[in-house]
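Notes for the one structure printed next.
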Amino acid sequence: MSCQTIIVVGAGAAALSFAAAMPPSYEVIVITKESVHDSNSTLAQGGIATSIMPEDSIVQHAEDTLYAGCGHNHVETVNDAIVDGHRLVHELISQAFPFDKDQQGRLRLGKEGAHSANRILHAGGDATGRMLIRHLADKLGSNVVLKEYEAAADLWIENGCCAGVWTKDSTGEVRLRKADGVVLATGGCGNLFQMHTNDRSVTSDGLSLAYRAGAELTDLEFVQFHPTLLVKKGLALGLVSEAVRGEGAVLIDENGQRVMEGVHPMKDLAPRDIVSRAIHHKQKAGSRIFLDITSIPDFTQRFPTISSLCDKAGISIEQGRLPVSPGMHFLMGGVSVNRWGETAVPHLYVVGEAACTGFHGANRLASNSLLECLVYGKRAAERIQTMKHRMPLSGKAPKPEEIVFSVPECSLEDIQKNMTAHVSMIRSEAELRNVRNWLEEMPVQRINVKDITKAELELAHSWQTAKLMTDSALLRTESRGGHFRSDFPARDDANWKGKQIVHSKGRIAIRHNEGIVNHAAAHA
Ligand code: SIN
């Protein structure tokens with residue numbers, strides 16, 4: 001039997017965790033539209049969450065995940081992923097992955113929002129993602145080929161199965177890469193908004209590719225806004241990790257008043273949606289917001305990445321006040337997948353932020369995303385090895401001229417501006433309707449894959465995803481986690497408990513998911 005070929009789209013932690021777990025008998029082609037260094041994983045300052053201390057437990061980690069997720073997590077998925085994640089983090093420890101240690105050589109355990117225990121492992125202070133990518137890249141076998149600067153333009157679906165990827169490289173050459181299985185690991189949709197923590201290359205590609213191929217998208221209304229992006233003159237310059245608040249920093253307004261005092265019992269380490277909205281209200285009332293870091297004496301050693309961001313921006317760490325503002329960080333929803341990363345389209349897998357596994361619910365617990373990348377990358381690799389060869393191809397792939405995209409006659413900046421103004425942290429029916437109408441009525445050009453530019457392709461993917469996200473936000477008439485409606489400000493379990501909004505093949509529907517169990521844990 002000939003060797004099977006698997007194509008992975010993206011080169012972040014989920015992609016490399018998958019590729020590193022594939023045996024030499026498979027040819028694995030990892031394509032990424034920028035360099036291997038350009039991904040959200042590389043930027044990840046936060047660490048990897050797992051219970052380490054005797055007084056902590058897998059059960060407690062799961063409880064915290066469910067609490068942050070606001071009663072919208074798939075409970076079995078949460079338990080299962082945390083157990084598998086615990087094992088994989090211990091595997092990393094046994095492989096001498098350079099997790100930070102204290103002077104006594106014990107693992108240094110940080111704390112982040114909504115965690116009830118110190119259980120965040122970091123590497124390089126605030127460079128965990130970069131170190132993890134390096135570690136996984138070093139483990140890749142010679143069966144894994146990396147193709148940089150090659151964008152996935154479309155999926156090839158034959159007889160209802162995913163049979164390959166149409167790609168376009170930086171010279172404009174279009175290729176049909178045939179494959180026995182395709183794994184999308186493109187990240188989410190951070191660039192739908194003006195202020196975000198994502199890499200510039202994260203432009204909704206995986207969501208849109210999967211949707212075009214007939215897969216289902218779920219939970220797109222749940223968007224996590226991180227409370228603390230470093231800002232100057234209205235521009236976001238990067239993330240200031242929640243680990244900084246875990247070390248004692250506090251949010252203050254321009255009069256030095258604590259922002260989180262009286263808002264939530266966990267104060268500055270409350271779940272992210274709560275902290276971000278508290279900041280937003282203060283900003284609406286006219287105040288600038290700062291992170292007071294004066295209680296962290298060794299800030300520069302402890303947070304080298306953030307210190308370098310401040311340095312480059314001319315923001316003084318010595319003064320002890322970092323200007324911050326919330327911004328888009330993470331999409332909880334994505335392509336619906338099962339425990340193996342399988343989608344509704346046979347031979348198409350999705351892992352990492354592009355997937356919706358049910359792990360994060362309506363609001364992701366801090367430092368659970370690299371954990372999810374490790375778990376689902378590995379699982380998809382295990383599953384794909386049990387997969388039979390796909391049916392022989394007819395050989396009748398469409399001509400490139402037949403692969404056509406609807407490209408809106410607006411710019412990505414126009415979409416970002418509208419999404420930020422009206423589909424962001426606080427939403428309302430009137431504003432959502434306006435944006436939806438604007439997106440729907442947008443004139444489009446039909447451009448085929450040979451003629452389309454990379455920027456037009458990204459615009460097409462972003463426009464498609466913006467429409468679906470806006471529709472989901474309009475339909476969910478309650479507030480929960482990363483979805484807040486000023487006209488429906490309360491969580492409405494009577495009408496929305498266990499309900500998911502799904503998009504598939506041009507239709508939107510509300511579906512009951514049995515695995516989502518109402519969770520109202522007491523906390524703090
Ligand atoms: C952070 O470091 O604050 C982000 C970590 C995460 O998103 O999990």
Side-chain angles (χ1 to χ4, degrees), residues 12-14 39-50 61 64-65 68-69 81-82 85 89 99-100 108-115 118-133 187-190 195-199 202 222-231 236-251 266 268-276 279 291 293 296 299 302-309 322 324-332 352-353 359-375 481-482:
S39 70
N40 280 353
S41 302
T42 299
L43 295 175
Q45 295 176 5
I48 311 180
T50 203
H61 183 181
D64 293 349
T65 302
I82 287 178
V89 172
F99 282 125
D100 295 342
R108 212 175 155 149
L109 299 174
K111 197 164 185 195
E112 291 178 6
H115 284 275
N118 284 50
R119 63 165 79 95
I120 319 293
L121 296 159
H122 289 93
D126 51 7
T128 316
R130 189 152 28 96
M131 309 285 262
L132 185 61
I133 292 293
C189 60
M195 301 260 261
H196 61 81
T197 60
N198 285 206
D199 189 81
V202 180
F222 296 117
V223 180
Q224 183 169 83
F225 290 84
H226 195 288
T228 56
L229 273 58
L230 187 71
V231 287
L237 308 171
L239 181 69
V240 179
S241 174
E242 207 159 60
V244 174
R245 277 174 280 137
E247 293 287 307
V250 292
L251 289 157
M266 297 182 89
D268 296 82
L269 288 177
R272 283 187 188 160
D273 58 318
I274 294 169
V275 181
S276 289
I279 293 176
L291 200 50
I293 57 167
I296 311 175
F299 190 89
R302 178 71 190 78
F303 299 107
T305 308
I306 301 166
S307 301
S308 140
L309 277 177
L322 308 184
V324 291
S325 186
M328 196 300 185
H329 185 53
F330 189 87
L331 177 68
M332 272 66 75
E353 188 179 344
F359 182 28
H360 306 307
N363 181 42
R364 176 173 64 80
L365 183 69
S367 287
N368 266 353
S369 59
L370 289 177
L371 193 74
E372 186 188 48
C373 289
L374 291 173
V375 170

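Remember, it's 1-based here, ligands and their atoms both numbered in the order they're listed. Along the sequence shown, residues carry numbers from 1.
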field: Which of the ligand 1 atoms, numbered from 1, are nearer than 4.0 Å to a heavy atom of Ala366
entry: 8 (O)
message: Using a 4.0 Å heavy-atom cut-off, which part of Asp126 comes near ligand 1: side chain, backbone, both, or neither?
response: neither
- request: May I ask you to list the atoms of ligand 1 that are less than 4.0 angstrom from any heavy atom of Leu239?
  value: 1 (C), 2 (O), 4 (C)
Glu242 neighbourhood, listing ligand 1 atoms whose heavy-atom distance to it stays under 4.0 Å: 1 (C), 2 (O), 3 (O)
- prompt: What residues, two or more places apart in sequence or in another chain, satisfy ring pair (Phe, Tyr, Trp, His ring centres under 6.0 Å) together with His329?
  reply: His226
message: Main chain of Asp199, side chain of Asn40: is a donor-acceptor contact present, judged purely on distance under 3.5 Å?
response: yes
field: Donor-acceptor pair between Ser308 and Thr305 side chains, under 3.5 angstrom
entry: no
- prompt: What protein heavy atom is closest to atom 2 (O) of ligand 1, reported as residue, atom name and distance in Å?
  reply: Ser241 OG, 2.6 Å
field: Test item: side-chain donor near acceptor, Ser367 and Glu112, under 3.5 Å
entry: yes
message: Can a side-chain donor-acceptor contact be found between Asn363 and Gln224 if the only test is distance below 3.5 angstrom?
response: yes
task: List every atom of ligand 1 that sits less than 4.0 Å from any heavy atom of His226, numbering the atoms from 1 in the order shown and giving each element.
output: 1 (C), 3 (O), 4 (C)
message: Can you list everything that forms a ring pair (Phe, Tyr, Trp, His ring centres under 6.0 Å) with Phe303? Sequence neighbours excluded, please.
response: Phe299
statement: Nearest non-hydrogen protein atom to atom 8 (O) of ligand 1, with distance, is Ser367 N, 2.6 Å
query: Which of the numbered atoms in ligand 1 are below 4.0 angstrom from a heavy atom of His329?
result: 4 (C), 6 (C), 7 (O)
message: Looking only at distances, can you tell me whether any N or O atom of Arg364, backbone or side chain, sits closer than 3.5 Å to an N or O atom of ligand 1?
response: yes
message: With salt bridge (charged side-chain N to carboxylate O under 4.0 Å, His left out) as the criterion, how do Arg119 and Asp64 come out once you've worked through the C-alpha distance, each side chain's angles and the decisive distance to 0.1 Å?
response: CA-CA 11 Å; Arg119 63 165 79 95; Asp64 293 349; 2.8 Å; yes
message: Just to confirm my output: which protein heavy-atom neighbour is closest to atom 6 (C) of ligand 1, and how far is it?
response: Arg272 NH2, 3.2 Å
